[in-house]
Student: 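Below you'll find the structure I mean.
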Amino acid sequence: MGTASGIIKALNSGIKHIAIKRFTLRYPEEKLKFVGDGYQFDPVSGVGVAGLKGRHILFHDKCTGCQLCSIACEGIAEAISMVKVNEKWKQNKKSIMPQIDYGKCVFCGLCVDACPFYALYMTNDYELSSFSKEGLIYTPAQLQVKPNIEQDAEIKIDDRGATHG
Amino acid sequence: MSNTQNKSNLNGDVHIHKNTDSNSIDKKEDDRPEFETNLANTLLHNFGEKIKIDFIKKNRIKVNVQKENIVEIAKFISLNMKFDHAEAVTGIDYPEQNEIEVVYHLGSYEDNLSNQILALSTSAIREDDPTPGSDRTKLPSLRNVFYSVEFHERECFEMLGVYFENHPDNRRLLLPEDWADIPPLRKDFKIKGR
Amino acid sequence: MSELPPGIKLEKEDDKIMTLNVGPQHPGSGHMRIIVKIDGDYIVSCDPDPGYVHRGEEKMAEYRNYITNIPHLERPVIHDSCNILYPYCLGVEEILGLEVPERAKYIRVIASELNRCVYTLYWLAIYGIFLGHSTMFMWPTGDRELLIDLLEKLSGARVTHAYFIPGGVRNDMPANFEDVCIRQINYFEKRIKQYDSIFYSNPILKSRTIKTGVLAQQDAISLGATGSVLRASGVDFDVRKKEPYDVYDNLDFQSNTLKSGDSYARSKIPWLDMLESCRIIRNALEKIPKSGSVRVKLKPNPKAGNVETYKRVESGRGSLGMYIISNGKPEPYRVKISVGSFRNLICLPYLLKGEKLGNMPAVYWSLNYWPVEADR
Amino acid sequence: MSIIAPRFRLGYFIKSLLDNVFWIIILLTLIGIPAIQVVLFFIDLPVIEGELLTPFLALTWLADPSRTLPIIKALMQTDFFKIAVFPGFGFAALLAAGTIFIERKLLAKLQLRVGPFYCGKLEGILQLMGDGLKLISKEIIIPAKADKPIFWAAPLLFVGAAAAFISLIPVSPGWVIADLDVGLLAFFAIIGFFPIITVLASWSANSKFPFIGGIRALHQMVSFEIPLILSLLGIVILTGTLNLSEIVESQSNFPWIIFMPIGAIVFFIAMLAELERIPFDLPEAESEIVAGWLTEFSGMMYGLVQLGSYLKLYAFAAIFVVLFLGGWNGPMIMPQFPQEIITEGIELGPISVTIPGLPLFTPEMINGTFWFTIKTIGVIFFILIPRGVFPRIRIDLLLHIGWYKLIGLAFVNIFISLSLLYSGVLGPGGMM
């Protein structure tokens, strides 16, 4: 009898779930909303600010070309290399800025921790696919662009289950 | 799990031998935990010169023994001191001293010992040009004392070339069958590009 | 180990014995190979052959300094990445003499408990699908999303968090994280309780897994099993209880133990642990200091003296230890990762001998084995 | 808004339908009518109603519904129509395809996911077609050491045997392909084919995992045939016939499931095992033996086996309906056609042609088909649900259920029916 009641209980539980809301995120149409503008780091207090570790954003007016991000990346992914830029900045005598190869980057964010001048942050942009390997290498000019993305899907919980609405 | 509890459970044979041993650890340092010291003294009392205490910290003891004595001491640890399994077997390559150290981290599932780790270390001769299995880098296997070291010793054999005698199954475990280089965890094996 | 039926003799090599290569292309083994010899429907011998995803993490760790070791050390178990970094951070804190702020300790506990649930759900999904229960594959993978969302809010990455760092955590909790966390954890607890009627109380599952691959208590101890395998056999050993690290001794929880030691018990222990994790997270969110630092400042290239340390934590697969030896250089001299998967692997040939072939997935996946972690 | 999957809009959908209709009309007029003319020119046409059917006349008939209808009616009485379209393969394949779609959506709903979604714009309704196209376009790989002729033949035999089931099923009064007096025996005979086909397929593949799967399938099917047959004997005892149509007619007052619930349960469980569906899908257990006896099949060979297994599913569900749930019997919900439609015909709009004899089917036939289909879909639903709820069972437990429990229950069922017969409640002299 225990077997029969167990089978009926299982069937009942299964059939009940037909009425529960779908949890699937319909990705290309809906995009998850993230905390803040991305992962940032405050070198004065030594603590990061929570956010998604997506593609980087580079502030040209603050970068001094000190190579600390590149050195931090050396033991991890070797994704950052310093390249010459045409711009002239007062604080950047050598005119070198990081160029990031997203084919190698592991998005750990330790380069952001290494930057002492608030020049390198991460953003919420994570759609970086490209048709060629060269397309994954982001030059300083590309890194400067602030991504413009709409992300609004959040987990909503009610009596009939959780859903991304 | 405080140490006072542990002590009360195991005081019998520890306290008796404590001061009779000439090689006993001196109690000058106050931060040296009592329970671990007692455990170490038990070993020192029974084996005397054969073992050397490396350090005693909270919940951790490391003892160093010669490879001739290791099976005997391991049997004592397993039967009398109730350490019943091995957490890890680590091989460390020291090219300057020309030796390979093998550390058995022994743990216990007994209630009073379960926060203790006893590191039992020994060392084998290191050959500069290793041919794993047929050179002098050999140690007696502890597989018959601690059943759980079987796969750990196999891993140590392929990664550092330490051959464990009397091990029933001395085969490769993780490395591919056609691995023809020197054992990869030796210090003279360099990763490409570094 | 179960008794052999009469008429079956083990270890004989003749034409009746068929060798099956279960793995790596076979869908039932993950990234490893189990060479199984069968006589009829009975397994005569079993030889696990891991190593298909061996990456030499221990060797790689000798070439990177204490900070840059973090992103690659979490790669063996990306589903449980906080817990595999935990002993490393504890060990490095000990050899560098760092004192972790109180708030960071609580955040670490929350993150590692969330991550334990994430791992356990993934494992439970695989356990379900290999017993032929497709709903048990879909439900945990869906409910995992709740926790991954929390971890993403906390650490900024959905899977490979790189969140723990020697001396604390990378960043503080975002605003109103507590409310979201409590809300989603409550719903999550409600969801996993529904697994009971469809999975754990299911008579067909019980008939398949109860008294299958029984590991007696004495055998579990001498084989050095750990984690859920050990606790299902009746040994009450949980590193969080026995050797509390960070703030686990302040928190209110219990370690779950079952007596029977079969595949069913081994699969139920992680489920009970998940319910316990929900309690721990709620408890930690109550006791966490409301403000304070979460990270001590580190030098960019910290160096330690000639010290060594062995630290262990309770991960999703049992005790996870890291043996770190420093020799005064910025890089560690040797890092040994002792993982629960690798330690539990030795139970597999022991348990499978004499079992039926149909019991192989039930026994193999109940060992809570993660091939990538075992290979390192 | 992404390009991959634009949001569904009714206007676009209607426009695409109209586009299709436009091109179909254009192509038919440009290619179809000349092609029909050419065909009609070369073929010797039959004599109908005393006059030779010339191509010219045939084309005029095509345009005149009142003359086309008798031809269609005559065609519908042929065996070819029955086998290919209505009670036969076309109807069954349609139901089987619907089963696959419903299975995927239902299972997805149970498992809190979406299921097929993008293909076909409307809830993934064209997913099945896409899967079929994929299977057709894939390369067929034959293992080097396989026994090629048998390996090739096995999927075809499987579909053939599954299709043979369909010929026995009475869908509505008179609509059955083979109205055999030994219909039930023929049903048992066809079941006996499947183990042989499975073992042939698995043995000829010359591989370990198919071999184990084939042996398992053999064990499972042979041992579950016995309770399957025994559970049906009660009905044969009570009705005194093996003809399936007569069995359905005997249930005009009450279905047999009222008197023989035990037999129905035994038959249902044995049916799940014969169909290799979860929880009895041991021959295809992917975590133990890769895909069982289907391991080496690729491309359309696999597709044929899947088609065969879903046809088999439909056939078993239909047999369950016929034997236990009263087949086509049900309350009459179709209104009777007005008499003048049948005799005088109906006016067709501005052309004002009177067409007599328009309803091609009788209301009884439509009603019977409706009830039969509804009941079959209900049974299929109960065959599908266990897939989401139960794990796979082990072979020894399976054989234990088959040999110890189900056979015993089947005998209990036979005793119940015998006692019903001899106490005079049912059967000759009783309620029947």
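First the proteins, then the strands, lettered A, B, ... as listed; each starts at 1.
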Student: Might you point out which heavy atoms bring C:Ser134 and D:Gln111 nearest each other, and give the distance in Å?
Tutor: OG-NE2, 3.1 Å
Student: Tell me whether C:Arg208 contacts the main-chain N or O of D:Arg392 through its side chain, where contact means a donor paired with an acceptor under 3.5 Å.
Tutor: yes
Student: Does any heavy atom of chain C fall under 4.5 Å from the side chain of D:Arg394, the backbone, both, or neither of them?
Tutor: both
Student: Check whether any side-chain heavy atom of C:Ile38 lies under 4.5 Å from a side-chain heavy atom of D:Ile212, and answer yes or no.
Tutor: yes
Student: Hey, what do you get for CE (C:Met138) to CG (D:Leu110), rounding to the nearest 0.5 Å?
Tutor: 11.5 Å
Student: Hey, what do you get for CD1 (D:Ile393) to CG (C:Leu131), rounding to the nearest 0.5 Å?
Tutor: 12.0 Å
Student: For C:Trp271, I'd like to know if atom CH2 has over 12 heavy atoms of other residues, nucleotides or ligands within 6.0 Å.
Tutor: yes
Student: Can you confirm whether more than 12 heavy atoms, excluding those of D:Lys148, are under 6.0 Å from its NZ atom?
Tutor: yes
Student: Heavy-atom cut-off 4.5 Å, strictly under: side chain, backbone, both or neither for C:Thr209 against chain D?
Tutor: neither
Student: Is a donor on one side and an acceptor on the other found under 3.5 Å between the side chain of C:Asn202 and the backbone of D:Val389?
Tutor: yes
Student: If you measure from CG on C:Asp143 to CG on D:Leu112, what distance do you get to the nearest 0.5 Å?
Tutor: 7.0 Å
Student: Highest number of heavy-atom pairs under 4.5 Å with chain D: which of C:Gly128, C:Ser207, C:Gly142?
Tutor: C:Ser207
Student: Would you mind checking which part of D:Asp281 comes under 4.5 Å of any heavy atom in chain C, side chain (CB onward), backbone (N, CA, C, O), both or neither?
Tutor: neither
Student: Just checking D:Phe268: does its CZ atom have more than 12 heavy atoms from other residues, nucleotides or ligands closer to it than 6.0 angstrom?
Tutor: yes
Student: To the nearest 0.5 Å, tell me how far D:Ile395 CD1 sits from C:Lys356 NZ.
Tutor: 11.0 Å
Student: Is the OH atom of D:Tyr302 crowded by more than 12 outside heavy atoms at less than 6.0 Å?
Tutor: no
Student: Calculate, to the nearest 0.5 Å, the distance between atoms CZ and OG1 belonging to D:Arg113 and C:Thr141 respectively.
Tutor: 9.0 Å
Student: Looking at C:Asn21 and D:Phe209, what are the two nearest heavy atoms and their distance?
Tutor: O-CZ, 4.1 Å
Student: Let me confirm one number: the CD1-CD1 distance from C:Ile204 to D:Ile401, rounded to the nearest 0.5 Å.
Tutor: 7.0 Å
